[in-house]
Amino acid sequence: MLRNLGLSIMLILLLLTATGCWSRMELNDIAIVVALGIDKKDGQYSVSVQLVNPSEVSGKKTGGGKGAPVVTHVASDATMFEAIRKMTTNAPRRLYFSHLRMLILSEQVAKEGVAKALDLLSRDHEFRSDFYIAVAKGAPAERILEIYTAPMETIPANKMYKALDTSSKIWAYSGKVTLDELISDMLRVGRQPVLTGIEIVGQRNGAARSQQNMERIKPYSVLQFSNLAVYLIKISWPDG
């Protein structure tokens, strides 16, 4: 009898420590961010996000015309934190960054310094550190996120992530760098961080930013990893 009573008390105590899903977020209430772009405009941070359109990438669709697999939102402010918070004024749902695949930095941001941006991303509990980082070459980071990709990877962020992952394994001209690796390289004495560049090959406006780009055998534009950005005193691109 006493043994059963003791067991019952232990079970009750264990139940009291089970808090349940107090911090859960329903899929219907969040907007999944798969790519993040950081530019500088007029002395302010211009932050762009690429959000998944669930109705267009789900396995079962319930009629209607074919829309874009992703949508981008942009906001500017003096700090990245405020720019991301300001984005809630036009984004339909709460931004969710745990599935981030790519971080694209503009050349200006890379040259002026990425310490503040990296500090925010490394401290925010919603950001994982396994996304890849690249520097936009010859175009704003925002524009990189607006280019449609081939049908085999309908989400542009996934295309960039997988292309960089594959090319870094079989071709030394590009290299994948995660947030933790970049911060570690920047803090190590005598080591210069290196980031892969990404550029738009072909048109940058018009059809390149529409669904027509995916419907052609030869797309109007493609995203291509090109060159390596080396952090010395300032960022520099090799010739060619």
Side-chain angles (χ1 to χ4, degrees), residues 31-41 45-58 65-76 83-84 87 90-92 95 97 99-110 114 117 131-168 171 173-177 195-229 235 237:
I32 298 176
V33 180
V34 288
L36 176 67
I38 305 176
D39 293 288
K40 271 290 191 71
K41 294 180 181 179
Y45 283 98
S46 178
V47 180
S48 50
V49 294
Q50 187 178 99
L51 308 177
V52 174
N53 184 353
S55 62
E56 297 301 326
V57 298
S58 60
K66 183 174 177 58
V70 294
V71 63
T72 59
H73 287 277
V74 184
S76 300
I84 292 175
M87 211 172 294
N90 56 32
L95 302 182
F97 291 92
H99 292 283
L100 187 68
R101 303 293 265 171
M102 290 295 304
L103 169 62
I104 308 297
L105 306 172
S106 70
E107 288 189 56
Q108 183 178 356
V109 170
V114 296
F131 55 85
Y132 294 156
I133 306 172
V135 177
K137 183 180 179 183
E142 176 185 344
R143 189 58 47 82
I144 297 292
L145 302 190
E146 295 176 348
I147 300 299
Y148 268 79
T149 53
M152 65 182 67
E153 289 294 344
T154 55
I155 298 178
N158 285 345
K159 185 269 179 186
M160 289 186 279
Y161 183 92
K162 292 181 180 180
L164 183 55
D165 186 65
T166 301
S167 63
S168 65
W171 196 42
Y173 203 54
S174 61
K176 57 184 181 181
V177 178
L195 291 175
T196 297
I198 185 170
E199 63 180 337
I200 302 171
V201 178
Q203 297 183 21
R204 299 186 179 182
N205 296 301
R209 299 162 66 185
S210 71
Q211 194 170 325
Q212 299 176 33
N213 198 46
M214 291 197 306
E215 297 173 349
R216 289 169 53 91
I217 295 177
K218 184 178 181 180
Y220 294 107
S221 299
V222 295
L223 295 174
Q224 177 176 303
F225 291 103
S226 173
N227 296 105
L228 295 173
I235 194 171
W237 296 102

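The analysis underlying the following values was restricted to heavy atoms, covering all of them including side chains, and did not include hydrogens, waters or symmetry mates.
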For Ser76, what residues pass the side-chain contact (heavy atoms from CB on, under 4.5 Å) criterion, not counting sequence neighbours? Gln44, Ser46
pair [X]-[Y]: side-chain heavy atoms closer than 4.5 Å:
X	Y	answer
Glu142	Thr72	no
Val114	Ile133	no
Phe225	Met160	yes
Val177	Thr196	no
Leu51	Leu95	yes
Ile155	Gln50	yes
Leu223	Ile200	yes
Val135	Glu107	yes

Gln108: what forms a side-chain hydrogen bond (donor to acceptor under 3.5 Å, both in side chains) with it, not counting sequence neighbours?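 For Gln108, the residues satisfying side-chain hydrogen bond (donor to acceptor under 3.5 Å, both in side chains) (neighbours in sequence not counted) are Glu112.
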When rounded to the nearest 0.5 angstrom, what distance separates [atom1] in [X] from [atom2] in [Y]?
X	Y	atom1	atom2	result
Glu199	Ile144	CD	CD1	8.5 Å
Gln224	Lys137	CD	NZ	10.0 Å
Leu164	Lys176	CG	NZ	8.0 Å

Among all residues two or more places apart in sequence or in another chain, which pass the ring pair (Phe, Tyr, Trp, His ring centres under 6.0 Å) test with Phe131?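 Listed in chain order: nothing, the list is empty.
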Partners meeting ring pair (Phe, Tyr, Trp, His ring centres under 6.0 Å) with Tyr45 (sequence neighbours left out):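 So Tyr45 forms no ring pair (Phe, Tyr, Trp, His ring centres under 6.0 Å) with any residue.
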Donor-acceptor contact present, side-chain Thr166 to main-chain Ala163, <3.5 Å: no
Do you know the tightest heavy-atom contact between [X] and [Y]?
X	Y	answer
Ala35	Leu145	CB-CD2, 3.7 Å
Ile104	Ala141	O-CB, 3.5 Å
Val52	Val70	CA-CG1, 4.3 Å
Ser106	Asp39	CB-OD1, 3.1 Å

Go through it in stages, so that I can follow the logic: the residues are Tyr161 and Val34, the test is side-chain contact (heavy atoms from CB on, under 4.5 Å), and I'd like the CA-CA distance, side-chain angles, deciding distance and then a yes or no. CA-CA 10 Å; Tyr161 183 92; Val34 288; over 6 Å; no
